[in-house]
Amino acid sequence: MEGDSGRMTVPIRVLVAKPGLDGHDRGAKVIARALRDAGMEVIYTGLRQTPEMIVNAALQEDVQVIGLSILSGAHNAIIPRVMDLLREKEMTDVKVVVGGIIPDEDARALEQQGVTRVFQPGASLDSIVACVREAAGRQ
Amino acid sequence: MFPPPAGQFPYTRGIHETMYRGRLWTMRQFSGFSTPEETNARYRRLLEAGQTGLSVAFDLPTLMGYDADHPLSFGEVGKCGAPISSLEDIEALFHAIPLDRITVSMTINSPAAVIWAMYLVAAEKQGADVSLLSGTLQNDILKEYIAQKEYIFPPRPSMRLVTDTIEFATRHTPRFNPLSVSGYHIREAGSTAVQELAFTIRDGLEYVDWALERGLGIDEFAPRLSFFFNAHSDFFEEIAKYRAARQLWATLMRDRYGATDERSMRLRFHAQTAGSSLTWQQPYNNVVRTTLQAMAAVLGGAQSLHTNSLDEAFALPTEQAATLALRTQQVIAYESGITATPDPFGGSYFVENLTSELDAGAREYIAKIDSMGGMIPAIEQGYPQAEIAKASYADQLKTESGEKVVVGVNKFVSQDTGSPLEILQMDRQAESRQCEKLRVLRASRSNEAVARTLGALVRAAEGAENLMPLLLDAVRAYATLGEICAALKEVFGTWRETPAV
């Protein structure tokens, strides 16, 4: 909490979304709680969001960061689409952080396509909170 | 303190007098990926390697009732299971596997009645006597609303479909288990052991209530109900959990429902080791975790078991990893001597006491859900969901603080990151091949027969009759899963949960 609330700055706004058909929302919910406990404003979209729905929600909610949780193996199809839509809508200042069952090779490819960071299983909440804070331009 | 021997009410110590001395558990490895054809080839190799039953994993579009060529299936086809859009796919899945001799478990829930209809027709086309088929349909929709979230229709019409399958199985496939009441996913979603036990048993009671309401007699259908529990890492707690589950179910069946057939009171269960306990760091440690968890399931008297592969925090297992997982069970079964006596920990002060504590904890939850009017109102109020989310966050915070040790993750961490494992590479053409098969099917089948059978299904769904015969007709006409589910959605509507953190 020290970084944000201590200086009375506007809280970081984060959209946490579950794209695709995957319903395993344990991770997304844990991350949403952790970001909220770290003083951020978290908008959780719930399940089965298309890339279009996610990008529209990010626009309307005026978030600095989008967190995507995906465990179904469909990341290579879905995440590039989110990145394309952000470019189309000139929203490249919105950073995308991804977490899930994502093999190394795919993680590197996604980061090359503009994803700020891919978190694989076992990542600590502290490291995720720190990454979101940094992505939002707060150290 | 010391419960009666195995094979005697309340079956705390096991449902059979001799347990594994009489017969080993079924080694049933869950698998499916890419296409029905590729999955079929993996099944045939697993059977050659000594696996004794099949367990089908379906991909997400199938689990959600979408055909492979639906826009929402984009990127998901064949990724975490076999894609099944029509009878044609089920026929390919079981090609050259005699369904009258192999028992098949199918992990399918919202569209379970449709997939089961496809399975029955495929078996019939192989020449099998459908009344002698044996296997298990997961078909546990309640835990979908609670934990795994693969739901299509709202709870009540979904419960009607489940009850239709129970009624149909009771009348036509008396050796088939139409329902496997599942705690596995509840635990994977982050619940405690007592929550897994309580919500699963309470779900079981809900299904019983619906079947009784339908007019079935308790001892007509209850012997075919089966269960599915997680095998997690707390060794003794897990053993105690299975013991508590058996005594709880037996007592509830006798006292709450007046069951008199012992088979109605005997809780049979499948176990799977805990996927969520497997780590991406130092993945070889996962073999050890899985071994301990599998031992707990065996010491707890499981009827069938799936052991996870070491690479599951990365992707679906490679064939080599899946074989090692099967070998793990075989070593326990044939080398360890654990099978020599039922319930070896029976009478241990610690295990007996843990069993009583879990039993009492579960009864408290069951009473609470009863007071809410049953599991459906509890789900509608988000009660089990919130209890699990609370437990899961608390568990994560304990891992973060180091209070809970995860070897290789928050203690004994090694510098070497990077994955040393070979990862299963998916056939990137699978999705387009499945879509092409569907295009050909839609052009070659009688679309008039499809429209006629779907029309009849919709009319029946508006009434109260059992939908299984109508689903069998639609499937025989090669109506697709997506078409059938779309027809049912017209009548039943769909379900969407309120997102809550």
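Computed from a predicted structure; not experimentally measured. In what follows, chains carry the letters A, B, and so on, assigned in the order in which the sequence lines appear, proteins first and then strands, with residues in each chain numbered from 1.
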Is [X] in contact with chain B via its backbone, its side chain, both, or neither, using a 4.5 Å heavy-atom distance?
X     : answer
A:L47 : both
A:S72 : both
A:A28 : neither

Where does [X] contact chain A at under 4.5 Å (heavy atoms): side chain, backbone, both or neither?
X      : result
B:P71  : neither
B:T399 : neither
B:L397 : side chain
B:E188 : backbone
B:E150 : both
B:D395 : side chain
B:S392 : both

Query raised in the report: Got a sec, which residues hit ring-ring contact (aromatic ring centres under 6.0 Å, His included) with A:F119, two or more places apart in sequence or on another chain?
Result: none
Requested in this report: Using the test ring-ring contact (aromatic ring centres under 6.0 Å, His included), find all partners of B:F33 that sit at least two apart in sequence or belong to another chain.
Outcome: none
Requested in this report: Please indicate whether B:Q320 has more than 12 foreign heavy atoms, meaning atoms of other residues, nucleotides or ligands, lying under 6.0 Å from its CD.
Outcome: no
Requested in this report: May I ask you to check whether over 12 heavy atoms, not counting those of A:E90, lie within 6.0 Å of atom CD?
Outcome: no
Query raised in the report: Would you find a donor on one side and an acceptor on the other, under 3.5 Å apart, between the side chain of B:E400 and the backbone of A:S124?
Result: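 No, the answer is negative, given that no donor and acceptor are paired below the 3.5 Å cut-off.
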Requested in this report: Kindly say whether A:H24 contributes a backbone atom to a donor-acceptor pair with the side chain of B:Q148 at under 3.5 angstrom?
Outcome: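 Not a single qualifying donor-acceptor pair exists.
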Chain B: which of [options] shares the most heavy-atom pairs with it under 4.5 Å?
options                      : answer
A:R81, A:E105, A:K29, A:Q120 : A:Q120
A:G122, A:P121, A:A74        : A:P121
A:L125, A:V16, A:V30         : A:L125

Query raised in the report: Most heavy-atom pairs under 4.5 angstrom with chain A, which of B:P61, B:A189, B:G408?
Result: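 Of the candidates given, the most pairs with chain A belong to B:A189.
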Query - Residue, of B:G190, B:C80, B:G81, that accumulates the most heavy atom pairs under 4.5 Å with chain A - result: B:G190
Check [X] against [Y] and note the closest heavy-atom contact, atom names and distance.
X      : Y      : result
A:R33  : B:A389 : NH2-CB, 4.1 Å
A:T45  : B:R496 : O-NH2, 4.2 Å
A:L21  : B:L60  : O-CD2, 3.8 Å
A:P103 : B:F314 : CG-O, 3.8 Å

Query raised in the report: Does B:Y151 have A:R48 sitting over its ring (NZ/CZ under 6.0 Å from centre, angle to axis within 45°)?
Result: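 That pair qualifies as a cation-pi contact.
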Query raised in the report: For A:D22 and B:K79, what are the C-alpha separation, side-chain angles and deciding distance, and is it a salt bridge (Lys or Arg N to Asp or Glu O under 4.0 Å)?
Result: CA-CA 11 Å; A:D22 177 23; B:K79 284 292 179 350; over 6 Å; no
Query raised in the report: Where do A:D25 and B:E497 land on the side chain to side chain contact (heavy atoms under 4.5 Å, CB included) test, with the steps shown first?
Result: CA-CA 12 Å; A:D25 57 3; B:E497 73 169 8; 3.9 Å; yes
Query raised in the report: In Å and rounded to the nearest 0.5 Å, what is the CZ to OH distance from A:R26 to B:Y393?
Result: 13.5 Å
Requested in this report: For side chain to side chain contact (heavy atoms under 4.5 Å, CB included), just list the numbers for A:D104 and B:W280, CA-CA rounded to whole Å, side-chain angles, deciding distance to a tenth of an Å, and then say yes or no.
Outcome: CA-CA 11 Å; A:D104 291 345; B:W280 179 82; 3.4 Å; yes
